[in-house]
Amino acid sequence: EINRINQVLPNTTSSQKTAEIQQWMESVTYRMSHYKGEHIRLLKEATTLLELALWKAKIDEKEDSLGKVKAKRVKIDNQSKRNERRITSGANIVIKNVLPFLELK
């Protein structure tokens with residue numbers, strides 16, 4: 001798309017060059033906007049995956065330190081432990097420090 005203007009302008013009459021350049025600029029601006037939106041969507045997805053990976057690592061770490069989790073534990077107790085580990089996984093700190101490297105400026 002960037003090189004298209006270099007191919008079109010030499011064969012364009014001088015009265016049409018302004019219109020061609022404006023059309024090209026609108027096309028480039030639209031594509032940039034589209035790709036920025038796509039980047040934001042992918043960034044949100046990556047952030048979610050990072051948070052889940054950190055949470056899983058924290059759960060695995062706690063289970064390893066405590067030995068094998070008993071199979072007969074109450075499901076509610078397990079859920080509360082998982083929620084606690086999600087909070088204490090440190091994901092909010094890691095994500096806060098990783099995001100600046102991934103964001104467009």
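As a basis for the values below, the full set of heavy atoms in this structure was taken, side chains included, without hydrogen atoms, waters or symmetry mates.
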Rounded to the nearest 0.5 Å, the CD1 atom of I5 sits from the CD atom of Q23 at a distance of 8.5 Å

Rounded at 0.5 Å granularity, tell me how far CH2 in W55 sits from CG in L50. 14.0 Å

For the hydrophobic clusters of this structure (ILVMFWY residues joined by side-chain heavy atoms under 4.5 Å, transitively), does one cluster hold both V28 and Y30? no

Drop me the distance from L49's CG to E45's CD, to the nearest 0.5 angstrom. 5.5 Å

According to a 4.5 Å side-chain heavy-atom criterion applied to Ile, Leu, Val, Met, Phe, Trp and Tyr, with indirect links allowed, do I21 and M32 form part of one hydrophobic cluster? yes

For T12, give me all partners under side-chain contact (heavy atoms from CB on, under 4.5 Å), at least two apart in sequence or on another chain. V8, Q16, K17, E20

Does L43 share a hydrophobic cluster with L54, counting links as ILVMFWY side-chain heavy atoms below 4.5 Å and allowing steps through other members? yes

Any chance you could measure T29, atom OG1, to Q22, atom CD, to the nearest 0.5 Å? 11.5 Å

Considering residues at least two apart in sequence or located in another chain, which fulfil the side-chain contact (heavy atoms from CB on, under 4.5 Å) criterion with E38? R41, L42

